[in-house]
**Student:** 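Below you'll find the structure I mean.
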Amino acid sequence: MTAAAHDLMTVASLTVDYRQQGQWHSVIRDLSLAVRRGEILGLAGESGCGKSTLASVLLGERRGERRLRAGSVQFDGIDLSTLRARELRRLRGVRLALVPQNGGASLTPTLRIGSLFAETLRAHRPHMNKAELAAEARRQLSQVGLPDPTGALARFPHQFSGGQQQRIALALALCRMPDLLILDEPTTGQDAMTRRGIIDLLIRLRLSSRMSMLYVSHDLATLSEICDRIAIMHAGEIVEIGQMEDVLLRPRHPYTRALVASIPRLEAPPDPALLPASRRTPERITA
Amino acid sequence: MTAMIRSTAIVPQLHIDNLSCRYERPHLFSGRRNKTPPAVDDVSFAVGAGETLALVGESGSGKSTIARTIAGLFPAAAGRLRYGGHDLTLPVERRAAELRRLIQIIFQNPDASLNRRHRIGSIIARPLRLFFGLSDADSRQEVASLLEAVRLPTDYAERFPSEISGGERQRVAIARALAARPSLLLCDEIVSALDVSAQATILELLRSIQTQTRLSMLFITHDLAVVRWFADRVAVLYRGHLCEVGPVERVFAPPYHPYTSLLLEAVPVFGRRREAAGDAASPAVTSSPPTTGCAFASQCRHRIDGLCRSAEPPWRQVAPGHAIRCHLEASDLNRITGRAATGARLQVAAAQKS
Amino acid sequence: MTDLSVLLESRPRPAGRRFALQRLPVSAKVAGLVLLAYAAVAMLAPAIAPYPPNEIFVGSPFEPPSAAFLLGTDSLGRDVLSRTIYGSRTILLMGGAAAGLSASIGGLLGMFIGYRGGVLDEVAMRMLEIIMSIPSIIFALLIVGSLGASAPLVAVTVGLLSVPNVARVVRAATQSVASEDFITAARARGETSLSIVLRELLPNVTGTLIVEFSIRTGYSILFIGGLGFLGFGAQPPTADWGLMVNEGRGTIDASIWPVAAPAAGMAMLVTAVNLFTDGVNRLFGPAEQGGVR
């Protein structure tokens, strides 16, 4: 399969195995997927469906008890499996970036935020001097809505809350200005207000840049707010993929339908099948 | 459904009056206590028999502290807590066995709340032994019916927690709580760590158990969408202060407390791509809440300068059973917050429905 | 409804549980076999030892190895092989008892102070540190010297000396478990501290306890051997390896075997215990359990 010109990343017939206690199990089965240039693709599925594994395979990760049994991953026409470790690292640093689940844990605990930024930025903008590096770091931090960016540079990761660490990890990924940003559950475990802050930032990015994003999450409601297309993953396979409106408002696969039905919503009660007997009748007013 | 989840004869009520809690550590040598702002400040509410009260707030709002205080796991700094005829200010170690049995708590993360070295059957049998003196052999039947009650196969009793999914694990935690035949269930963010489908299953399960047993629930969450169709009443908590209490239909309709309105806007609208970022992008939480005036004043979009930062806001009764703690009049709140995006969105949805 | 939940919730397949010992590294498996051999020799000593260990002049003094005396005889004409075989009983029994004592007392103590925390923890830890700051050899000589040397007393003394070490490690492992919600849930149920420690905590620190027991076995064997050599262990005529080395060292010119045999036995035993400990540590150690050390 050749990558179409508008596809930035293509996954073709990918099968990935995991080793657990000496035995291989496939976690991804014959999966094909493409992330188009400039789009936000949502990858939805429940825990254990293989979506986080997919995210790390897309990044060319090779370590771990895992093997790529079949298929290929191409980024902008380059087959990631043919790259040497150094080339892969360069690609990852500049054009491909991941904000992992629990991004706070990806921040080196012994380095101040300022040093983390200096390290990342220096690799990409070698001409920048100290003051310029700091200014750029501040700009990125305020962009993700972190209060007091100047003060933040002098602090250590553990001095921030989980939500703030997640946003710092995001800012670090963004300052590389990657072509493709992979976000693995960036809002999971965050409370509603922090989630809103991260989503707003991504929406602003979507409006202001042509960055492609792969947004991995089990939260369909959040995905629906920012994604152009959505892929639904179940047991290592993509069961449905298409425009966000088509997939979520007119789901075809029974799994997608069940997922959509279980989303908690403000506007309407959940699917009658999920609504308890007491609520299927007109609303109770307890006042 | 089964014998196990029948209700207890007396169904007392929970009354929390002027509860304050404080995290403080006496200094090791001087014994002096450092003054920290209270995690829970002067909170009052009640939960009736068979009722579900949702306690909603961000992390750090003190909602879990309240649950832990009711369970006797955290001391109250001030206030009166009663459950039926029982005094809840006692720590759990000094409570009567009957009271410990009546109030059960379920935690957010079932990975941490179930001992991974015990089989599920033995996890569920423990309260049976402790509260009803059942031997392991006698409890086997009860464990099976409890597993059925939470819709798990009875052969799960032989499995370890690591051998089942997260949603199933949370159902085991619920079965363990039900084993004590409680009359009040404290649910501390019990669906936040779960996938949406598991969330829906758990909520539906709790609801059906509740209709059979008249169980009262204090349901703690940060997600308003979760409780919209689940709770009977909602209490909104901001940094240890209650700001709105009322029946769920009223809290989710204007007038809103400005903070409730902000929380509502944070709930994603399903199936509609957003083309503009909200202006409340960064709920920048400052290090400590103000000591005077309204706790929410520094973040409030409708702050009245000179008033909100200096004077405690009054409780305003805006409808029967629905109170908002704000300096703004109900009519002003209605005008300001009712027009906000979420208000409009909910009204549209309501209009479509009728 | 049920259909839906079946469709939605993917159940992880139960991980095939393999016997933990099968996952030991090869070196540890070999070491384990060596230890089993030691245990067999110790248990079957009366059957396999060619002569009674303490009988003198079964041969003439300082006979070199021969078909009759595979490892020769010592200054009193006792068979070195028989004495070495019986000596393995003494050392395994004393070492195992000492390690068991330190693991059980230290384990319980560590779990209690790790679980209760607060002032109890502060006080207990300071006390343990004081005990640990006294060189253990001096401590042991003091006790054994004043109460009289005997095998049980030596085992108990060496065991007690290791209690602080075990307690410290177990306390750290306990602390990381004690903050989990299943402990909070047990407290909320009204479980007693004892039942929380034994029922909830113990199964979660068994790995640490096994590792500690293993470490303490190696340590105790060496220590007891050392005390025996100094004459503060088992008393003559007991077949004790430390004692045998001491007795044979003056006449090493006449025959090296009365010294070499017990010394080699000791060296191989300690090496096997340490290799085994290493493997066990890799299986149950802090990295596996997420504990802090």
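Naming convention: chains lettered A, B, ... in sequence-line order (proteins, then strands); numbering from 1 in each chain.
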**Student:** Going by the ring-ring contact (aromatic ring centres under 6.0 Å, His included) test, which pairs reach into residues 202-221 of chain B, not counting sequence neighbours?
**Tutor:**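 As it turns out, the ring-ring contact (aromatic ring centres under 6.0 Å, His included) pairs with a partner in residues 202-221 of chain B, which skip direct neighbours, are B/F219-B/F230.
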**Student:** How many angstroms lie between atom CZ of A/R265 and atom CH2 of B/W229, to the nearest 0.5 angstrom?
**Tutor:**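 It comes to 11.0 Å.
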**Student:** Of the non-hydrogen atoms in A/P264 and B/V196, which two are nearest, and what is the gap between them?
**Tutor:**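 In this case the closest contact between A/P264 and B/V196 is CD-CG1, 4.2 Å.
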**Student:** Yes or no on side-chain contact (heavy atoms from CB on, under 4.5 Å) for B/D223 and A/R195, after CA distance, side-chain angles and deciding distance?
**Tutor:** CA-CA 11 Å; B/D223 195 343; A/R195 183 174 67 197; 3.9 Å; yes
**Student:** Got a second to check how far B/L263's CG is from A/R196's CZ, nearest 0.5 Å?
**Tutor:**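 Atom-to-atom, B/L263:CG and A/R196:CZ are 11.5 Å apart.
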**Student:** For B/D195 and A/E46, which heavy atoms make the closest approach, and how far apart are they?
**Tutor:**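 Result for this residue pair: OD2-CB, 3.0 Å.
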**Student:** Can you list, pair by pair, the side-chain donor-acceptor contacts under 3.5 Å of residues 146-157 of chain A, counting residues two or more places apart and other chains?
**Tutor:**
residue : atom : partner : partner atom : Å
A/D148  : OD1  : A/G151  : N            : 3.1
A/R155  : NH2  : A/Q159  : O            : 3.2

**Student:** Please check: side-chain N/O of A/E225 versus main-chain N/O of B/V269, any donor-acceptor pairing under 3.5 Å?
**Tutor:**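 Checking the backbone N and O of B/V269 against the side chain of A/E225, a donor-acceptor pair under 3.5 Å is found.
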**Student:** Verify the neighbour count for atom CZ of A/R250: are there more than 12 heavy atoms of other residues, nucleotides or ligands below 6.0 Å?
**Tutor:**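 Yes, the 6.0 Å shell around CZ holds more than 12 heavy atoms from other groups.
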**Student:** Restricting to non-hydrogen atoms, name the atom on B/A266 and the atom on A/A192 that form the minimum distance, rounded to 0.1 Å.
**Tutor:**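 Heavy atoms of B/A266 and A/A192 come nearest at CB-O, 3.7 Å.
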**Student:** Would A/E245 and B/R273 pass as an ion pair if we require N to O under 4.0 Å?
**Tutor:**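 Counted as a salt bridge, because a side-chain N and a carboxylate O are separated by less than 4.0 Å.
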**Student:** What are the two closest heavy atoms between A/S224 and B/G271, and how far apart are they?
**Tutor:**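 The pair with the smallest heavy-atom distance is OG-N, 2.8 Å.
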**Student:** If you count heavy-atom pairs within less than 4.5 Å of chain B, which of A/L207, A/L202, A/I199 leads?
**Tutor:**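 Option with the greatest count: A/L207.
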**Student:** How close do B/R274 and A/I203 get, counting heavy atoms only, and between which atoms?
**Tutor:**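 Here B/R274 and A/I203 meet closest at NH2-CD1, 3.3 Å.
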